There are 2 protein chains.
Amino acid sequence: MPNSLKAKIRTIPNWPKPGIMFRDITTLIQDNEGFKHLLDLLYERYKSFSIGKVAGIEARGFIIGSALADRLGVGFVPVRKKGKLPAGTIQEEYEKEYGSDIIEIHKDAIKPDERILLIDDLVATGGTALAACKLIKKAGGNIVECGFVVDLPELGGRKKIEDAGFKTFHLVGFEGE
Amino acid sequence: MPNSLKAKIRTIPNWPKPGIMFRDITTLIQDNEGFKHLLDLLYERYKSFSIGKVAGIEARGFIIGSALADRLGVGFVPVRKKGKLPAGTIQEEYEKEYGSDIIEIHKDAIKPDERILLIDDLVATGGTALAACKLIKKAGGNIVECGFVVDLPELGGRKKIEDAGFKTFHLVGFEGE
């Protein structure tokens with residue numbers, strides 16, 4: 001049950017700045033039963049989706065995305081911050097609260113029309129995940145879905161991603177708490 | 001066979017700076033058969049080691065460490081750069097080529113005497129991995145072994161880690177090439 005996952009996620013008030021209730025998945029991930037359960041639920045969701053590869057967003061998306069890729073028997077593509085990937089890359093720029101940021105994937109990471117599952121730990125405003133969707137599309141891939149462990153619906157990220165034409169899924173939501 | 005892994009690792013000359021032959025594991029990780037094979041070999045190595053948790057070093061160590069943790073049915077502990085973990089941490093400082101760096105884990109990530117497998121993609125000079133070993137020991141854990149995909153023996157990192165009393169293992173070595 002996703003509720004038992006939720007109970008293993010720690011909330012840190014006022015981090016990284018005052019007013020933010022930070023949802024910390026490390027307590028879930030470091031828990032033997034919790035981590036297995038999380039992967040069981042994601043595998044159940046995606047086992048029949050004919051996923052070609054899993055892409056994960058740096059850095060917590062690597063933790064969940066790579067284990068899920070292994071469960072699904074497919075490769076893993078890291079979506080990284082600018083300057084971290086050594087070979088030729090494709091970039092996507094996006095606006096943040098203050099200024100803009102750039103994410104990258106390797107040019108050769110995705111085959112034409114490959115079915116890509118994008119994974120991150122949490123969707124808040126959705127800026128990075130939406131940029132990752134556009135980046136993967138630009139690289140020639142098809143985003144099957146964006147899967148998150150945690151959704152913060154009050155921040156509207158999932159709606160923004162869906163309004164842009166991409167599907168989303170999440171296991172746990174935090175709203176008004 | 002580790003040799004078939006080696007063939008899937010890309011070498012990028014002069015990255016991140018002139019004179020460095022960068023061994024890029026993303027080509028292995030994104031390859032469906034390669035990623036599965038890598039995990040098969042690591043699982044074979046560690047399935048009978050009674051591992052309590054896997055710790056992985058940010059960020060490429062997350063990719064391999066978390067999938068291996070899932071294979072082993074245990075939780076995953078991220079070893080992160082300073083300032084990335086939201087709750088109370090334990091730190092370890094270590095010297096780099098220019099200046100020093102700090103890595104952290106959450107204080108509550110490791111149980112007393114828990115058997116920890118430390119994973120990273122590559123060992124070069126070994127500074128970060130040795131600091132991670134000391135950090136985990138400081139947190140009360142026992143390092144069962146440090147497992148790497150790639151060793152660069154000319155840089156002496158594995159020897160340095162072993163001289164400090166920790167065991168190491170690697171699947172692929174690059175020497176004089």
Side-chain angles (χ1 to χ4, degrees), chain A residues 8 10-16 20 22-36 38-40 43 51-56 58-78 80-81 83-88 105-106 108-111 114, chain B residues 8 10-16 20 22-36 38-40 43 51-56 58-78 80-81 83-88 105-106 108-111 114:
Chain A
K8 288 181 173 168
R10 166 168 56 189
T11 295
I12 316 238
N14 302 313
W15 199 90
I20 305 282
F22 187 82
R23 309 303 177 169
D24 173 23
I25 62 151
T26 65
T27 39
L28 169 62
I29 298 293
Q30 77 193 28
D31 183 276
N32 293 5
E33 292 73 30
F35 190 46
K36 180 183 184 308
L38 170 61
L39 269 300
D40 286 348
Y43 177 69
I51 302 297
K53 272 173 200 158
V54 176
E58 183 169 4
R60 287 184 294 264
F62 290 4
I63 298 174
I64 299 145
S66 68
L68 181 57
D70 183 46
R71 289 267 189 128
L72 294 169
V74 303
F76 177 77
V77 174
R80 299 211 66 174
K81 288 156 194 160
K84 300 277 189 176
L85 291 169
I105 55 172
H106 275 141
D108 61 3
I110 291 170
K111 296 175 194 146
E114 198 164 32
Chain B
K8 288 181 172 168
R10 167 168 55 189
T11 295
I12 316 233
N14 302 313
W15 199 89
I20 304 282
F22 187 82
R23 310 301 177 170
D24 174 23
I25 63 152
T26 66
T27 39
L28 168 63
I29 297 293
Q30 77 193 26
D31 183 276
N32 293 5
E33 291 74 30
F35 190 47
K36 179 182 184 308
L38 170 62
L39 269 300
D40 286 348
Y43 177 68
I51 302 297
K53 273 174 201 157
V54 176
E58 184 169 4
R60 286 184 295 264
F62 290 5
I63 299 173
I64 299 145
S66 68
L68 181 58
D70 184 46
R71 289 266 188 128
L72 294 169
V74 303
F76 177 77
V77 174
R80 300 210 66 173
K81 287 156 195 160
K84 301 276 189 176
L85 291 170
I105 55 172
H106 274 141
D108 61 2
I110 291 169
K111 295 176 195 144
E114 199 164 33

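In what follows, every heavy atom counts, from backbone to side chain, and hydrogens, waters and symmetry copies are set aside. Throughout, a chain's letter reflects where its sequence line sits, starting with A, and its residues are numbered from 1. As the structure is a prediction and not an experimental result, all values here were calculated from the model.
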Considering only heavy atoms, which portion of B/Leu85 lies under 4.5 Å from any heavy atom of chain A: side chain, backbone, both, or neither? both
Honestly, the part of A/Ile29 sitting under 4.5 Å from a heavy atom of chain B is both
Could you tell me which portion of B/Ile12 (side chain, backbone, both or neither) has an atom closer than 4.5 angstrom to a non-hydrogen atom of chain A? side chain
Are B/His106 and A/Asp24 packed together at the side-chain level, in the sense that at least one heavy-atom pair is separated by less than 4.5 angstrom? yes
Between B/Glu58 and chain A, with a heavy-atom cut-off of 4.5 Å, which part of the residue counts as in contact: side chain, backbone, both or neither? side chain
Best-contacting candidate, B/Leu39, B/Ile110, B/Asp108, B/Leu28, against chain A by heavy atom pairs under 4.5 angstrom: B/Asp108
Would you check if B/Asp40 and B/Arg71 make a side-chain contact, meaning some heavy-atom pair closer than 4.5 Å? yes
Contacting moiety of B/Pro78, where chain A heavy atoms sit under 4.5 Å: side chain
At a 4.5 Å cut-off on heavy atoms, which part of B/Phe76 comes close to chain A: side chain, backbone, both, or neither? both
All pairs passing salt bridge (Lys or Arg N to Asp or Glu O under 4.0 Å) where residues 25-35 of chain A contributes a residue, at least two apart: A/Lys8-A/Asp31
Contacting moiety of B/Lys111, where chain A heavy atoms sit under 4.5 Å: neither
Among A/Ala55, A/Gly52, A/Ala67, who wins on heavy-atom pairs under 4.5 Å with chain B? A/Ala67
Is A/Lys36 salt-bridged to B/Asp70, going by a charged N under 4.0 Å from an acidic O? no
Quick one: closest heavy-atom pair of A/Val74 and A/Ile51, and the distance? CG1-O, 3.4 Å
Candidate pair B/Lys53 and A/Asn32, rule side chain to side chain contact (heavy atoms under 4.5 Å, CB included), full reasoning: CA-CA 8 Å; B/Lys53 273 174 201 157; A/Asn32 293 5; 4.1 Å; yes
Of all heavy-atom pairs linking A/Ala69 and B/Phe35, the shortest is CB-CE2, 4.0 Å
